[in-house]
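The analysis underlying the following values was restricted to heavy atoms, covering all of them including side chains, and did not include hydrogens, waters or symmetry mates.
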Amino acid sequence: MSNLKSISLFAFRFFLILGCGYGLLKEMGLFDGRFSLKHLVYYTILSNLVIFLAYSYLLIRYLLSRKRFGHFEWRDFSPNVMSGLMLMIVVTGLIYNFILAPTLPNSSPYSLTNLSNFLVHTYTPVMVFIDWLLLSRHRDPKQLHPLTWVVIPLVYWVFTILYASFKIPVNSQGGYYPYFFINADKYGWPQVFKNVGLLLIVFLVLGYLLKGLSYLLYDKKFNEKNKR
């Protein structure tokens, strides 16, 4: 990677982390005295936190690479992990912007007119998608395994069940579940299983669509060069 491309990638990822980090801290109430770990129950917060930590790690590893290799060098996670991270945060953006946001008035603290909401629901997903689409090297699409990405919503669902079992209210209405469609107390387990099953199917379909897109972006020359 040329110095110009390397510096451009550093700048892009720096602003990605900056926007994501500020949005997270703002959403979790750190700036207005309402900070609570209960915010970590929400998929939006957790997915943004994972992105913040993952990309911060990549940025720090890049800065330390000069000491180890004698020059700055990007070493991302495997293509499967990078794609899984991208899908995780893109789902956050899609659900909010196409399902939740249209139902919210501009006066709502959860609308896109709120800066922190924009950062965690739109800015970060778009930036990560651009990073994956235009800035990351696309190696052999056979390295991408969408079935493994389905673990993400499954793990999150199990986490919410465990949290609800402690009967700690997650919102001002006293509910124990962060989202209505996984509220087993209100809708019953059969309906929740159906809702989660549908979510897993959507996640899987999106995963295979991304794998198909990766075939179009596949840098065959780069892959062959690395094998030598």
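Between L63 and F10, the closest side-chain pair of non-hydrogen atoms falls below 4.5 Å. Annotation: side chain of L85 is not in contact with side chain of V128 (no heavy-atom distance under 4.5 Å). Side chains of Y215 and Y218 form no contact here, defined as non-hydrogen atoms less than 4.5 Å apart. Side chains of V50 and L46 form no contact here, defined as non-hydrogen atoms less than 4.5 Å apart. In this structure, the side chains of M82 and L58 come closer than 4.5 Å at one or more pairs of heavy atoms. Using a 4.5 Å heavy-atom cutoff, the side chains of L210 and M86 are in contact. Between L147 and Y208 the shortest side-chain heavy-atom distance falls below 4.5 Å. Between R61 and R75 the shortest side-chain heavy-atom distance falls below 4.5 Å.
For W157 and F193, the ring centers are positioned less than 6.0 Å apart. Remark: aromatic rings of Y62 and F14 are distant, center separation not under 6.0 Å. Under the 6.0 Å cut-off for aromatic ring centres, Y163 and Y177 do not qualify, their centroids lying 6.0 Å or more apart.
The main-chain N or O of Y176 is never found under 3.5 Å from a side-chain atom of K167 such that the two would form a donor-acceptor pair. Between the side chain of Y156 and the backbone N or O of Y43, at least one donor-acceptor pair lies under 3.5 Å. Side-chain atoms of S214 do not come within 3.5 Å of backbone N or O of K211 as any donor-acceptor pair. Side-chain N or O atoms of D131 include none that pairs as donor or acceptor with a backbone N or O of M127 at under 3.5 Å.
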(message) As a quick check of understanding, evaluate side-chain contact (heavy atoms from CB on, under 4.5 Å) for T124 and F52, giving each step before the final call.
(response) CA-CA 9 Å; T124 301; F52 177 81; over 6 Å; no

(request) Could you please spell out the steps behind the side-chain contact (heavy atoms from CB on, under 4.5 Å) verdict for Q191 and N183? (result) CA-CA 9 Å; Q191 185 60 48; N183 190 336; over 6 Å; no

(request) Check step by step if side-chain contact (heavy atoms from CB on, under 4.5 Å) holds for L16 and I51. (result) CA-CA 9 Å; L16 188 165; I51 291 298; 4.0 Å; yes

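Taken from OG1 in T122 to CG in L94, the straight-line distance is 10.0 Å, to the nearest 0.5 Å. Taking CG of L25 as the reference point, atom CG of D32 lies at 11.0 Å (rounded to 0.5 Å). One finds the CG atom of L53 at 8.5 Å from the CG atom of L24 (value rounded to the nearest 0.5 Å). To the nearest 0.5 Å, the span separating CG on L59 from CD1 on I17 amounts to 4.5 Å. For the atom pair CZ of F181 and NZ of K186, the computed distance is 13.5 Å after rounding to the nearest 0.5 Å. To the nearest 0.5 Å, atoms CD1 (I60) and OH (Y55) are separated by 15.0 Å.
Under a cut-off of 6.0 angstrom, the local environment of CZ in F15 is sparse, with at most 12 non-hydrogen atoms contributed by other residues, nucleotides or ligands.
Shortest non-hydrogen contact noted between V170 and K38 is CG2-O, 4.1 Å. Summarising the geometry of L119 relative to P125, their closest heavy-atom pair is O-CD, 4.4 Å, with the distance given to 0.1 Å. Residue Y42 comes nearest to P178 through the heavy atom pair CE2-O, 3.5 Å, listed as atom of the first residue, atom of the second, then distance. In terms of heavy atoms, L199 sits closest to P153 at CD2-CB, 4.4 Å. The heavy-atom pair separating G23 from S116 by the smallest distance is O-CB, 4.0 Å. Across all their heavy atoms, N80 and H145 have their closest contact at OD1-N, 2.7 Å.
In the hydrophobic cluster analysis, where Ile, Leu, Val, Met, Phe, Trp and Tyr join through side-chain heavy atoms closer than 4.5 angstrom, V151 is grouped apart from L204. When hydrophobic clusters are built by joining Ile, Leu, Val, Met, Phe, Trp and Tyr residues whose side-chain heavy atoms come closer than 4.5 Å, directly or via intermediates, L9 is grouped together with I130. A single hydrophobic cluster is seen to contain both F31 and L37, as judged by linkage of ILVMFWY side chains at heavy-atom distances under 4.5 Å, directly or through other members. The cluster map of Ile, Leu, Val, Met, Phe, Trp and Tyr, joined by side-chain heavy atoms under 4.5 Å apart, puts V155 and L198 in different clusters. Criterion: ILVMFWY side-chain heavy atoms under 4.5 Å apart, direct or through other members. Under it, L134 and W74 are part of a common hydrophobic cluster.
Each of V120, V90, I89 was checked for a side chain to side chain contact (heavy atoms under 4.5 Å, CB included) with S47, and the lone residue meeting it is I89.
In this structure, a donor-acceptor pair under 3.5 Å is absent between the side chains of Y187 and N195.
Using bins of under 30°, 30° to 60° and over 60° for the plane-to-plane angle, the ring pair F77/Y57 lands in the parallel bin. Taking the six-membered ring for Trp and thresholds of 30 and 60 degrees, H121 and Y96 have nearly parallel ring planes, at less than 30 degrees apart.
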